[in-house]
Enquirer: 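Structure below; questions to follow.
Small disclaimer: the values here were computed from a predicted structure and weren't measured.
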Amino acid sequence: IVNKSELKAKAEGELVETKEAKEAVMLELEQLSNYDAELHQSCDFVLKNFDIRQTARDEEIEALKQAKAILSGAKFEEFLQAS
């Protein structure tokens with residue numbers, strides 16, 4: 001009987017440890033799920049606005065080229081006709 005009581009106490013201890021480990025894993029899974037949702041939302045924003053951002057960058061580069069040409073002494077009208 002003593003041996004069975006010891007085995008039962010040991011099994012109950014393992015059960016408590018296992019339940020605590022399960023709770024920790026479930027909490028981590030929930031945090032990972034939330035992080036995944038945040039990343040998904042961020043990626044969707046980047047993909048949705050990629051073309052707009054790319055166009056804006058191209059326009060900015062073109063404007064910088066025009067400013068550089070003006071500052072270098074080139075005539076602005078000639079630069080517009082060459083483009």
Enquirer: Any salt bridge (Lys or Arg N to Asp or Glu O under 4.0 Å) pairs touching residues 27-56, not counting sequence neighbours?
Expert: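 Found none.
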Enquirer: Apply the hydrophobic cluster definition, ILVMFWY joined by side-chain contacts under 4.5 Å directly or through others, and give me every member besides Tyr35.
Expert: Leu39
Enquirer: Quick one: list whatever passes side chain to side chain contact (heavy atoms under 4.5 Å, CB included) with Glu12, sequence neighbours left out.
Expert: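 Partners of Glu12 by the side chain to side chain contact (heavy atoms under 4.5 Å, CB included) criterion, ordered by chain and then number, come out as Lys8.
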Enquirer: About how many Å separate CD of Glu59 and CD1 of Ile61, when rounded to the nearest 0.5 Å?
Expert: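 Interatomic distance, Ile61 CD1 to Glu59 CD, rounded to 0.5 Å: 10.5 Å.
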Enquirer: Can you list, by chain and residue number, the hydrophobic cluster partners of Leu7 when the side-chain cut-off is 4.5 Å?
Expert: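 Grouped by the 4.5 Å side-chain rule, Leu7 forms a cluster of one, so the answer is none.
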Enquirer: Other hydrophobic cluster members with Leu15, side-chain heavy atoms of Ile/Leu/Val/Met/Phe/Trp/Tyr under 4.5 Å, chained?
Expert: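 Via sub-4.5 Å side-chain contacts, Leu15 links to none.
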Enquirer: Side-chain contact test, heavy atoms from C-beta onward, threshold under 4.5 Å: evaluate it for Arg57 versus Gln54 and give yes or no.
Expert: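 No, every pair of side-chain atoms sits at 4.5 Å or beyond.
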Enquirer: Members other than Met26 in its cluster, when Ile, Leu, Val, Met, Phe, Trp, Tyr link by side-chain heavy atoms under 4.5 Å?
Expert: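 Besides Met26, the hydrophobic cluster comprises Val25, Leu29, listed by chain and residue number.
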